Amino acid sequence: MSIVNEIKKLVAITLKELYGFEVAEKDLTINSTKPEFEGDYTLVMFSFVKQLKKSPEQLGNEIGEALVRTNPEIFTAHNTIKGFLNLTVADTYWLKFLNTNYSSPKFGSSPANGQKVMVEYSSPNTNKPIHLGHLRNNFLGWSVAQILKESGYETIKTCIVNDRGIHICKSMIAWQLFANGATPQSTNTKGDHFVGDYYVKFNDEYKKQVEELVAGGMTKEQAEKEAPIMKGTQQMLLDWEEGKPDVIDLWKKMNGWVYEGFDVTYKRIGSDFAKMYYESETYIPGKKFVEEGLKTGVFFKKEDGSVWIDLTEEGLDEKLVLRKDGTSVYITQDLGLAQEKYEDFKYDQSIYVIADEQNYHMKVLKLILQKAGKPYADGIYHLSYGMVELPSGRMKSREGTVVDADDMIDEMVNVAKNKTEELGKVKDFTEEELIELYDTIALGALKFFLLRVDPKKRMIFNPEESIDFHGFTGPFVQYTHARIKSILRKQTPENGLDISSTLLKLEKDLIILLEQYPTIIEQAVTEHNPSVIAIYVFNIAKSFNSFYTEHSVMNAESEEKKQLRLQLAQMTANVIASGMSLLGIKVPERM
RNA sequence: GGUCCCGUAGUUCAAUGGAUAGAAUAGAAGUUUCCUAAACUUUAGAUGCAGGUUCGAUUCCUGCCGGGACUACCA
């Protein structure tokens with residue numbers, strides 16, 4: 001049990017014994033004591049001070065005294081200021097905690113709890129290479145899944161590939177028109193970039209044609225419909241749906257190129273999936289879903305043949321689920337996919353990592369599934385995250401303002417390389433070791449940067465300022481780990497040693513933080529929020545660095561102090577490595 | 001128009017309704033015969049505006065101002 005919960009329990013008992021006052025432990029507030037006061041943890045008493053009809057000071061003194069008297073192995077001192085009861089936890093308590101946990105790399109993780117959670121993330125478009133916004137999605141999804149896994153959940157990572165539709169046809173038609181049979185191989189281009197380039201070419205050509213038509217006297221709206229390249233694209237979509245062999249072949253070929261490119265990037269950033277779903281397949285069960293819903297009266301048909309659901313009672317609109325020509329729309333596919341996913345895995349919870357621009361869509365999706373009486377509907381959770389923006393505003397593929405993921409990683413590797421060479425601390429590394437180190441640092445910086453912010457909030461990426469390896473960054477934490485490892489290579493703590501020592505402030509600060517790790521993971525789970533881990537792990541590193549500068553481990557004042565500090569160092573390294581692994585970040589032995 | 005989200009140091013981010021609003025970075029000033037200075041220490045600097053609820057509000061409520069998203073028979 002965490003010390004905070006322990007304190008809550010003891011306070012509840014004390015209140016009952018002293019005053020016959022019953023309070024639920026969860027209603028008690030225990031905070032870290034502010035540094036300017038004496039104590040480690042603080043009980044905030046305002047909530048019940050009135051009901052007990054005593055002055056806050058008197059109440060604090062009575063509770064504090066009782067706590068110290070009945071639990072001398074936990075509390076050594078107390079003081080009350082206004083409605084705050086500050087409690088000092090015994091050094092022996094902290095030492096015991098350290099002694100029993102310092103060598104356990106599993107500290108913080110929980111045993112299996114029998115719950116199955118699906119995490120759908122990444123979900124790319126096959127006509128766009130991965131950019132910085134997608135990276136946030138990938139890192140978030142992977143990390144949330146990892147956090148859940150370490151907390152005892154069985155996790156299933158999945159991905160829905162957006163592989164069909166009018167936008168894919170745009171790339172296809174542009175390739176037919178302009179490529180002259182070029183391939184990624186013939187042009188030495190990464191497959192996803194190759195296809196993405198034709199998507200851009202389509203838009204350029206489309207724009208040109210629209211302008212020409214407008215110049216010829218057509219209205220803009222007309223021109224946008226009449227442009228030959230757009231007409232060709234629409235025809236191609238119809239051909240695709242009819243299964244015309246040459247269109248299907250081209251589609252398969254181009255998507256194949258994209259997947260080859262994606263594989264490279266996924267491997268590099270560490271994204272992996274238990275199962276990939278493809279929209280070109282889920283739209284069929286989607287239609288089936290709608291048919292069934294029509295029978296049960298969840299949906300209704302309008303005169304023109306289109307199918308709708310009425311969500312006005314829920315404060316939303318009527319929503320189309322099938323076009324009048326019987327083809328499926330976006331949400332149709334999602335309905336089919338939800339059904340498929342559940343049939344495949346029978347999950348308890350299903351997390352969708354999708355940007356917040358789709359809040360409405362996800363609300364509708366869950367609502368429809370609930371109205372359809374699906375057993376899995378309530379377990380759906382939309383992990384909605386904010387967009388990554390540039391100082392100039394939102395990234396837009398068509399305007400060429402996206403920060404490409406592959407370029408971004410290359411640049412980070414480059415910075416890591418230059419910085420490492422400049423510092424010259426790993427001159428004895430082999431070429432392979434260096435490459436691995438640059439990769440570790442570069443991806444560590446990038447992942448940490450994107451995960452350290454609350455997912456819900458949108459964030460700004462400034463290319464000039466955001467690539468930093470100092471301060472609140474991944475490399476800062478990695479560096480702390482490397483420094484600790486350097487000590488531990490000299491000596492490791494002796495097992496089973498019973499240390500009794502008076503803790504210095506910087507030693508105790510660090511132990512107190514270490515003890516909070518399991519609570520932090522719990523918080524990250526309930527909030528679906530990896531930034532909690534990032535902030536925590538940074539605080540640990542900062543706390544260790546302060547301690548490290550002030551007190552020597554190898555030349556400690558006594559052998560006992562040395563053992564204590566070795567334990568501290570080892571546990572800090574473990575927790576850093578563990579916390580960073582929850583973010584998908586590696587930590588180097590040396591850097 | 002309707003629905004929803006967001007406004008915190010120059011900048012990027014924190015703060016289950018609790019004590020004097022924390023970090024990082026940029027700025028100023030320091031620290032290396034001693035375990036990795038990608039580090040540490042000191043310093044200055046912020047809750048958009050106006051009300052309300054509360055013992056107590058960055059947090060909850062209302063209005064205003066500013067920014068964004070959604071509101072497609074696009075995905």
Side-chain angles (χ1 to χ4, degrees), chain A residues 26 29-31 33-34 36-37 42 44-47 49-50 56 81-84 86 123 125 127 162 164-168 279 302 304-308 315-317 320-325 327-331 333-334 355-361 363 384 386-387 389 391 393-394 416 419-420 422-423 425-426 441 445 449 452-454 456-462 465-466 468-473 475-480 482-491 523 526-527 531-532 534-535 538-539 541-542 544-556 565 569 590-591:
Chain A
K26 65 173 174 56
T29 306
I30 306 291
N31 292 338
T33 303
K34 298 256 170 196
E36 55 268 38
F37 302 102
T42 297
V44 182
M45 300 182 292
F46 294 103
S47 55
V49 81
K50 226 183 227 171
I81 295 161
K82 291 192 273 182
F84 301 95
N86 301 319
S123 305
N125 232 310
N127 59 352
N162 219 313
R164 50 146 252 144
I166 190 96
H167 54 296
I168 310 297
E279 247 173 44
K302 288 199 175 171
D304 64 1
S306 56
V307 181
W308 297 73
L316 305 176
D317 304 322
L320 177 96
V321 291
L322 208 60
R323 292 193 190 99
K324 67 182 170 206
D325 63 5
T327 57
S328 65
V329 290
Y330 183 36
I331 196 130
Q333 302 168 139
D334 270 337
D356 62 6
E357 61 183 354
Q358 295 195 36
N359 284 352
Y360 180 73
H361 175 78
K363 200 169 164 185
S384 165
M387 300 281 196
E389 292 179 10
R394 223 175 136 173
K419 192 75 197 165
T420 304
E422 198 180 296
L423 291 168
K425 293 183 185 180
V426 287
I441 296 172
F449 179 80
R452 66 180 201 178
V453 179
D454 185 338
K456 287 193 291 293
K457 305 215 171 152
R458 50 166 201 262
M459 60 186 295
I460 294 177
F461 175 80
N462 186 331
E465 293 170 14
S466 299
D468 195 351
F469 291 177
H470 302 274
F472 187 15
T473 67
F476 173 93
V477 180
Q478 290 172 324
Y479 175 66
T480 307
R483 273 172 133 190
I484 297 174
K485 283 301 174 131
S486 167
I487 299 171
L488 294 172
R489 273 192 295 276
K490 294 186 172 70
Q491 191 174 346
Q523 192 193 340
T526 54
E527 292 178 10
S531 78
V532 171
I535 292 166
F538 170 65
N539 283 330
K542 211 156 44 113
F544 182 85
N545 283 334
S546 298
F547 155 77
Y548 176 92
T549 310
E550 195 65 28
H551 306 295
S552 176
V553 177
M554 296 308 289
N555 296 313
R565 289 177 189 167
R590 292 176 56 193
M591 70 183 272

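What you are looking at is a predicted structure, and each value in this text was computed from that prediction instead of being measured. Naming convention: chains lettered A, B, ... in sequence-line order (proteins, then strands); numbering from 1 in each chain.
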Expressed in angstrom and rounded to an integer, what is the separation of A:Asn86 atom CG from B:A19 atom P? 12 Å
Donor-acceptor pair under 3.5 Å, A:Thr42 side chain vs B:A19 base: yes
Tell me whether the ring of A:Phe538 lies stacked over the B:A23 base, given a 5.5 Å limit on centroids and a 30° limit on the plane angle. no
Need one value for A:Leu423: base, sugar-phosphate or nothing, where a base atom within 4.0 Å counts as base even if backbone is also close, heavy atoms only. base
Give a yes or no answer on whether the side chain of A:Thr549 reaches the backbone of A:Asn545 with a donor-acceptor pair at less than 3.5 Å. yes
With a non-hydrogen cut-off below 4.0 angstrom, is A:Arg394 in contact with a base, only sugar-phosphate, or nothing? sugar-phosphate
What distance, rounded to whole Å, do you find between the two C1' atoms, one in B:U71 and one in B:U53? 33 Å
Using a distance-only criterion (donor-acceptor N/O pair, under 3.5 Å, no hydrogens), is the base of B:A14 paired with the side chain of A:Asn539? no
Using the C1' atom as the point on both nucleotides, what is the distance between B:A9 and B:A44, in whole Å? 10 Å
So A:Asp454 and A:Lys456, salt bridge (charged side-chain N to carboxylate O under 4.0 Å, His left out) or not? Walk me through it. CA-CA 6 Å; A:Asp454 185 338; A:Lys456 287 193 291 293; 3.7 Å; yes
In whole Å, what is the span from the CD1 atom of A:Ile484 to the C1' atom of B:C35? 12 Å
So what does A:Asn162 hit on the nucleic acid, given a heavy-atom distance under 4.0 Å: a base, only sugar-phosphate, or nothing? sugar-phosphate
Assess whether one donor atom and one acceptor atom, taken from the side chain of A:Asp304 and the base of B:C73, lie less than 3.5 Å apart. yes
Classify the nucleic acid contact of A:Glu279 as base, sugar-phosphate or nothing, counting any heavy atom under 4.0 Å across all strands shown. sugar-phosphate
B:U25 and B:G68: how far apart are their C1' atoms, nearest whole angstrom? 25 Å
How would you summarise protein contacts on nucleotides 27-34 of chain B per nucleotide, using B for base, S for sugar-phosphate only and - for none, with heavy-atom distances below 4.0 Å? --------
Every protein N/O within reach of nucleotides 54-62 of chain B N/O, cut-off under 3.5 Å:
residue	atom	partner	partner atom	Å
B:C55	OP1	A:Lys50	NZ	3.3

Atom CG of A:Asn545 and atom C1' of B:C35: how far apart are they, to the nearest Å? 13 Å
Stacking here means centres under 5.5 Å and planes under 30°; does A:Tyr360 stack on B:C4? no
Nearest-angstrom distance, C1' atom, B:A14 to B:C6: 16 Å
Hey, does A:Lys34 reach any base, or is it just sugar-phosphate, or nothing, if we go heavy atoms under 4.0 Å? base
Please give the distance between the C1' atoms of B:G66 and B:A50 as a whole number of Å. 15 Å
For a quick check of understanding: with a heavy-atom distance under 4.0 Å over all strands, which category does A:Val553 fall into, base, sugar-phosphate or nothing? base
P spacing across the pair B:U3 / B:A72, given as an integer number of angstrom: 15 Å
If I pick the C1' atom on B:A37 and the same atom on B:U31, what distance separates them, to the nearest angstrom? 9 Å
Tell me the interatomic distance from A:Met45, atom CE, to B:A19, atom P, rounded to whole angstroms. 15 Å
Is the number of heavy atoms from other residues, nucleotides or ligands under 6.0 Å of A:Lys324 NZ greater than 12? no
Does the distance from a Lys or Arg side-chain N to an Asp or Glu carboxylate O, for A:Arg458 and A:Glu357, drop under 4.0 Å? no
Wobble G-U and Watson-Crick pairs count when both distances are under 3.5 Å; given that, what is the 5' to 3' dot-bracket string of RNA chain B, with | for pairing to other strands? (((((((..((((....[...)))).(((((.......)))))....(((((..]....))))))))))))....
If you look at every strand shown and take non-hydrogen atoms under 4.0 Å, does A:Lys456 touch a base, only sugar-phosphate, or nothing? nothing
Would you classify A:Met591 as touching base, sugar-phosphate or nothing, given that sugar-phosphate means primed atoms plus P, OP1 and OP2, and contacts are heavy atoms under 4.0 Å? base
Say we look at B:U20 and B:G67: how far apart would their P atoms be, to the nearest angstrom? 35 Å
Classify the nucleic acid contact of A:Val44 as base, sugar-phosphate or nothing, counting any heavy atom under 4.0 Å across all strands shown. base
Would you indicate what A:Leu322 reaches in the nucleic acid, counting non-hydrogen atoms under 4.0 angstrom: base, sugar-phosphate, or nothing? nothing
A:Phe84 ring over B:A19 six-membered base ring, under 5.5 Å and 30°: yes
Please work out if A:Phe476 contacts a base, only the sugar-phosphate, or nothing of the nucleic acid, heavy-atom cut-off 4.0 Å. sugar-phosphate
Assign A:Asp317 to base, sugar-phosphate, or nothing according to its heavy-atom contacts below 4.0 angstrom with the strands shown. sugar-phosphate
Stacked cation flag A:Arg452 on A:Phe472, 6.0 angstrom / 45 deg: yes
Identify whether any heavy atom of A:Thr420 sits under 4.0 Å from a base atom; if not, whether one sits that close to sugar-phosphate; answer base, sugar-phosphate or nothing. base
